[in-house]
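Position 1 is the first residue of the sequence; numbering continues from there.
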Amino acid sequence: MQQREQISVFDMFKIGIGPSSSHTLGPWRAAQQFVQSLDEQGALPLVQQVKILLYGSLAKTGVGHGTDIAILLGLSGDDPVTFEVDQVTPKIAHIKTSHQLILGGMLPVSFYADDDLLFLFNESLPYHPNAVTFQAFLNNGRAVSETYYSIGGGFVVKEGASGQTKAEVDLPFPIDTASELLHWCIKTGLRISEVVAENELAWRSEQETRTGILNIFKVLKECIYRGCHTTGQLPGGLNVARRAAKLNARLIGNHQYSNYDEWVVAIRATGDSFKNTLDWVSCFALAVNEENASFGRVVTAPTNGAAGVIPAVLQYYIAFCGGDTEQKIINFLFTASEIGSIFKKGATISAAMGGCQAEIGVSSAMAAAALTECMGGTQRQVLMAAEIAMEHHLGLTCDPIGGLVQVPCIERNTMGAIKAITASQLALQSNPEKAKVSLDAVVKTMWHTALDMNSKYKETSDGGLAINIPISLPEC
């Protein structure tokens, strides 16, 4: 019998640093795991040199996504949850100018980026397009080589190891598909968020989960607030101007507020007309992904490239729909995480595997489902909302210009958020018994679409907008 994949809410929502979960957070985690593996083998003190080989999509868009930066920080013993974002640039500059890497934060080794970090643009490994091989050469003449795959959303799989990232537990409600989720809801009468809450108890106490989720929300709201109050240009060479702060100032009247809570009160005071809420949702999404593109602190939701959709819809719920209590916020994130896990199990959340439908599409489905439950929808309406949102992202390609998570990625988050709200409204006004397409059917269709999609539209920057917009950037 095949082992079920067990995914926690904290697997779907991870705190990290932008700009990409698959190309930044995943490689960062892989580098940390390699250092840990060397330590466990007793090889860490013997290392004289390290080489890094990047394959496939990690090679082709690695520079624009900060893959090289993430790997160097991971090898240095830094953690993406706690590392100060304003230290990213100076630390990387020091490594490259000093030609020295402090492996695991303990062992100095010689490191020349041009020779020791290789982008193999024309080579791919069969398991997944996002592959990295680490090689450590020891002073006893031996070498240790390990290959890792960053499979989307910050999830990492070591070659030859199980894809299960943590110890298996006895879940009261094992779920792989939407139909299984609905089965448990009908049998128990529980809402989707309540099913998730019960499953989380298999890993930790209710209080630990609550504290963890509220910490996730803390990072989300800080990211939105920071993005809405930061001006300037995004790094990377495209000279993309930040827009969220200017839009925020225009909507709120250039008033200054000292904290997030005061700011939310001011947002509500601007009114809830369609045009106003539409502008605010776009502003929230832009803010998060501008932070993401600037190596800011974000939460994978379920990825970094799509990190603005769920926060934007959640902020809409908080500011305009009365969702301003801790329990409502927790329920929103619980429901969203379960829908995301169904897509990961049945398809993919990796743009390198499935195009942007796997990132923006999934995040939109997650947000639509969460909003629908929080607005009083039935379990079937929640699943219907997720299906509607994904149905209208099917086939969406990933074609980042210059390999940067900026154009068209940032604006796509605004589109995903608006589609999520629309999908929720449609589901709440519909009878799901008459729906022609199930969520499981759209998950299956998304996966088949991913398999059929040309590789140049899967986060390689080999097609679409990436080759039709004239720019002057180094190859990446």
Discussion item. Could you walk me through whether Arg226 and Asp86 satisfy the salt bridge (Lys or Arg N to Asp or Glu O under 4.0 Å) test, starting with their C-alpha distance in whole Å, then the side-chain angles of each, then the deciding distance to 0.1 Å, before giving a yes or no?
Written reply: CA-CA 14 Å; Arg226 191 169 57 245; Asp86 59 358; over 6 Å; no

Discussion item. Run the side-chain contact (heavy atoms from CB on, under 4.5 Å) test on Leu451 and Met353 for me, step by step, so that the C-alpha distance in whole Å, both residues' side-chain angles and the decisive distance to 0.1 Å come before the verdict.
Written reply: CA-CA 8 Å; Leu451 295 176; Met353 284 291 285; 5.7 Å; no

Item to complete: Carefully, step by step, assess Ile95 and Gln100 under the rule side-chain contact (heavy atoms from CB on, under 4.5 Å).
Response: CA-CA 6 Å; Ile95 291 171; Gln100 188 178 77; over 6 Å; no

Fill in: Trace of the side-chain contact (heavy atoms from CB on, under 4.5 Å) decision for Cys374 with Thr335
CA-CA 9 Å; Cys374 288; Thr335 304; 5.8 Å; no

Discussion item. Between Glu359 and Arg412, does the salt bridge (Lys or Arg N to Asp or Glu O under 4.0 Å) criterion hold? Intermediate values first, please.
Written reply: CA-CA 10 Å; Glu359 296 204 20; Arg412 280 189 181 165; over 6 Å; no

Discussion item. Run the salt bridge (Lys or Arg N to Asp or Glu O under 4.0 Å) test on Asp279 and Lys275 for me, step by step, so that the C-alpha distance in whole Å, both residues' side-chain angles and the decisive distance to 0.1 Å come before the verdict.
Written reply: CA-CA 6 Å; Asp279 283 341; Lys275 182 181 182 304; 3.1 Å; yes

Discussion item. What verdict does the side-chain contact (heavy atoms from CB on, under 4.5 Å) test give for Trp203 and Thr209, after you've listed the backbone C-alpha separation in whole Å, the side-chain angles of each residue and the deciding distance to 0.1 Å?
Written reply: CA-CA 9 Å; Trp203 283 297; Thr209 297; over 6 Å; no

Worksheet item: Is there a salt bridge (Lys or Arg N to Asp or Glu O under 4.0 Å) between Arg243 and Glu411 once you walk through the steps?
Response: CA-CA 10 Å; Arg243 287 180 283 176; Glu411 286 182 353; 2.8 Å; yes

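Side-chain atoms of Ile360 and Val309, non-hydrogen and from C-beta on, do get closer than 4.5 Å to each other. Between Leu314 and Phe284 there is no side-chain heavy-atom pair separated by less than 4.5 Å. Under the 4.5 Å side-chain criterion, counting only non-hydrogen atoms from C-beta, Ile267 is in contact with Trp280. Between Val132 and Ile52, the closest side-chain pair of non-hydrogen atoms falls below 4.5 Å. Proximity of Ser363 to Pro302: side-chain heavy atoms (C-beta onward) are separated by under 4.5 Å at one or more points. The side-chain heavy atoms of Thr147 and Tyr55, taken from C-beta on, include no pair separated by under 4.5 Å. For the pair Gln135 and Val50, the minimum side-chain heavy-atom distance is 4.5 Å or more. Using a 4.5 Å cut-off on side-chain heavy atoms (C-beta onward), Ile318 and Phe217 make contact.
Rounding to the nearest 0.5 angstrom, the gap separating the CG atom in Asn413 from the CD1 atom in Ile418 is 11.5 Å. Ile252 contributes atom CD1, which lies 5.0 Å from atom OH of Tyr257 (distance to the nearest 0.5 angstrom). Of the inter-residue distances, the one linking Leu54 atom CG with Glu123 atom CD reads 11.5 Å to the nearest 0.5 angstrom. Within the model, atoms SG of Cys283 and CD of Glu290 stand 8.5 Å from one another, a figure rounded to the nearest 0.5 Å. Expressed to the nearest 0.5 Å, how far OG1 of Thr24 lies from CD1 of Ile17 amounts to 9.5 Å. Atom CE of residue Met12 and atom CE of residue Met366 lie 4.5 Å apart, to the nearest 0.5 angstrom.
Aromatic rings from Tyr225 and Trp263 are positioned such that their centres are separated by under 6.0 Å. Taking the ring centroids of His99 and Tyr112, they lie under the 6.0 Å cut-off.
When all heavy atoms of Gly355 and Met453 are compared, the pair lying nearest together is CA-SD, 3.9 Å. The shortest heavy-atom contact between Asn304 and Gly18 is ND2-CA, 3.4 Å. Of all the heavy atoms in Phe137 and Ala143, the pair that sits closest is CD2-CB, 3.9 Å. When all heavy atoms of Val288 and Ala307 are compared, the closest pair comes out as CG1-O, 3.5 Å. Counting all heavy atoms, side chain and backbone alike, Pro400 lies closest to Cys398 at CD-C, 3.5 Å. Contact between Ser21 and Thr300 at its shortest, heavy atoms only, is CB-CG2, 3.7 Å.
Lys221 contributes no side-chain N or O that, together with a main-chain N or O of Gln315, makes up a donor-acceptor pair within less than 3.5 Å. For the pair Ser76 (side chain) and Asp78 (backbone), a donor-acceptor distance under 3.5 Å is absent. With hydrogens and angles ignored, the 3.5 Å screen pairs a side-chain donor or acceptor of Arg297 with a backbone N or O of Pro80. Not a single donor-acceptor pair under 3.5 Å links the side chain of Lys345 to the backbone N or O of Ile342. No donor-acceptor pair closer than 3.5 Å links the side chain of Asp116 to the backbone N or O of Ala113. When atom types are taken as modelled, the side chain of Ser37 and the backbone of Gln33 share no donor-acceptor pair closer than 3.5 angstrom. Side-chain atoms of His65 never come within 3.5 Å of backbone atoms of Thr67 as a donor-acceptor pair (strictly under, hydrogens ignored). Looking at Thr372, its side chain does come within 3.5 Å of a backbone N or O of Ala368 through a donor-acceptor pair. With Asp462 contributing its side chain and Lys456 its backbone, the two residues share no donor-acceptor pair below 3.5 Å. In this structure, the side chain of Asn248 engages the main chain of Cys228 through a donor-acceptor pair within 3.5 Å.
A salt bridge does not link Lys96 to Asp114: none of the charged nitrogens lies less than 4.0 Å from a carboxylate oxygen. In summary, Glu391 and Lys419 do not engage in a salt bridge, as defined by a charged side-chain N under 4.0 Å from a carboxylate O.
For the side-chain hydrogen bond (donor to acceptor under 3.5 Å, both in side chains) criterion with Ser57, the lone passing option out of His23, Glu459, Lys458 is His23.
Residues Gln49 and Ser110 have side chains that never bring a donor and an acceptor to within less than 3.5 angstrom of each other. For the residue pair Ser150 and Ser22, no side-chain donor N or O sits within less than 3.5 Å of a side-chain acceptor on the partner. Side chains of Ser294 and Arg242: a donor on one and an acceptor on the other come within 3.5 Å. Using a 3.5 Å distance cut-off with no hydrogens or angles, the side chains of Glu159 and Tyr148 do not pair a donor with an acceptor. For the 3.5 Å distance criterion, the side chains of Gln32 and Gln36 fail to qualify, holding no donor opposite an acceptor.
Using the six-membered ring where Trp is involved, Phe332 and Tyr317 have ring planes that are parallel, under 30° apart on the 30 and 60° scheme. A parallel orientation is assigned to the rings of Phe119 and Phe121, their planes being inclined by less than 30° (bins at 30° and 60°).
Other residues, nucleotides and ligands place no more than 12 heavy atoms under 6.0 Å from the CG atom of Asn122.
Judged by a 6.0 Å distance limit and a 45° cone about the ring axis, Lys14 is positioned over the six-membered ring of Phe155.
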